[in-house]
Amino acid sequence: MMGRLLPLVAFAALAVLLGVGVMMNSGKDTSALPSPLLGKPAPDFALPVLGEPDRIITRESLLGAPYLLNVWGSWCPACRDEHPVITRLAESGRIRVIGYDYKDEPEEAFRWLAQFGNPYDLIIADVEGRAALDWGIYGAPETFLVDAQGMIRWKFVGPLTDEIVQQQLLPVLETLE
């Protein structure tokens, strides 16, 4: 008799554990990935400007004013959804928006920008994705807010929406102004 009940008891126990886990995580933002870089200096890098391989941008060259680093790629469908939000943010003049073209061929990136517009103050290109490792970049889109001293103050993984900008990004940006 116990041999027949054991699988049923084991199934019930697993179902209860799963239910408790779901209830504990309900209402939490599961898209938020904590970054060990928050509150720390942005990593050192030396990357070329898209289409200008001899013009190298470094962490130090971006110091002096806060900026939003937006990771994108022409191959990224979610980046298309996010692009109007990035464009409005750049046009607002509240923050300098730097594009980070991730694992992309320059020709494809330029074709994408010609089709959707170029809201970026500057675009750095990481064709091989090596510098992305130091930033903790998982993919595209991702967005980092870096203060004037080069400290990472905010990170978002996934496409930005107007709601995320209003509820999360702008309050952090206001603390820097």
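Positions are given from 1 along the sequence. Remember, it's a predicted structure, so these values are computed and weren't measured experimentally.
Not a single side-chain hydrogen bond (donor to acceptor under 3.5 Å, both in side chains) links Tyr102 to another residue, sequence neighbours left out. Under the side-chain hydrogen bond (donor to acceptor under 3.5 Å, both in side chains) criterion, Glu163 pairs with Thr161, not counting sequence neighbours. Residues satisfying the side-chain contact (heavy atoms from CB on, under 4.5 Å) criterion with Ala65, sequence neighbours excluded, are Arg96. In this structure Glu128 satisfies the salt bridge (charged side-chain N to carboxylate O under 4.0 Å, His left out) test together with Arg130, sequence neighbours excluded. Listed by chain and residue number, Trp72 satisfy the ring-ring contact (aromatic ring centres under 6.0 Å, His included) test with Tyr120 (two or more places apart in sequence, or in another chain). Shown here are the salt bridge (charged side-chain N to carboxylate O under 4.0 Å, His left out) partners of Asp104, two or more places apart in sequence or in another chain: there are none. Here Glu108 pairs with Arg111 under the side-chain hydrogen bond (donor to acceptor under 3.5 Å, both in side chains) rule; sequence neighbours left out. Listed by chain and residue number, Glu177 satisfy the salt bridge (charged side-chain N to carboxylate O under 4.0 Å, His left out) test with Arg94 (two or more places apart in sequence, or in another chain).
Between the Arg153 side chain and the Val172 main chain, no donor and acceptor come within less than 3.5 Å of each other. Looking only at distances, a side-chain donor or acceptor of Trp75 sits under 3.5 Å from a matching main-chain atom of Lys103. Panel note: side chain Asp126, backbone Ala131; a donor-acceptor pair is recorded below 3.5 Å. Listed for the Tyr100 side chain is a donor-acceptor partner under 3.5 Å among the backbone atoms of Ala132.
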Where do Ile124 and Leu69 land on the side-chain contact (heavy atoms from CB on, under 4.5 Å) test, with the steps shown first?
-> CA-CA 10 Å; Ile124 54 179; Leu69 185 76; 4.2 Å; yes
Given Leu176 and Leu145, is the side-chain contact (heavy atoms from CB on, under 4.5 Å) satisfied, shown in steps?
-> CA-CA 10 Å; Leu176 303 181; Leu145 176 61; 3.9 Å; yes
So Leu169 and Phe156, side-chain contact (heavy atoms from CB on, under 4.5 Å) or not? Walk me through it.
-> CA-CA 9 Å; Leu169 174 60; Phe156 188 81; over 6 Å; no
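Residues Cys79 and Ala140 approach most closely at SG-CB, 3.9 Å, considering heavy atoms. Counting all heavy atoms, side chain and backbone alike, Trp135 lies closest to Lys155 at O-NZ, 4.4 Å. The minimum heavy-atom distance linking Pro43 with Asp134 is given by the pair CG-O, 3.4 Å. Minimum interatomic distance between Ile152 and Val146 (heavy atoms only, all atoms of both residues): CG1-CG2, 4.3 Å. Considering every non-hydrogen atom in both Glu142 and Gly139, the closest pair reads OE2-N, 3.0 Å. When every heavy atom of Leu160 is checked against every heavy atom of Val85, the shortest pair comes out as O-CG2, 3.6 Å.
Residue pairs meeting the salt bridge (Lys or Arg N to Asp or Glu O under 4.0 Å) criterion with at least one member in residues 62-89, sequence neighbours excluded: Arg88-Asp162. Listed by first then second residue, pairs satisfying salt bridge (Lys or Arg N to Asp or Glu O under 4.0 Å) with a partner in residues 60-69 number zero, not counting sequence neighbours. Evaluation of the ring-ring contact (aromatic ring centres under 6.0 Å, His included) test over residues 77-98, restricted to residues two or more places apart or in two chains, returns His83-Trp112.
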Please tabulate, for the side chains in residues 44-55, all donor-acceptor contacts under 3.5 angstrom to protein atoms that are two or more places apart in sequence or on a different chain.
none

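Considering only heavy atoms from C-beta on, Ile123 comes within 4.5 Å of Asn118 through its side chain.
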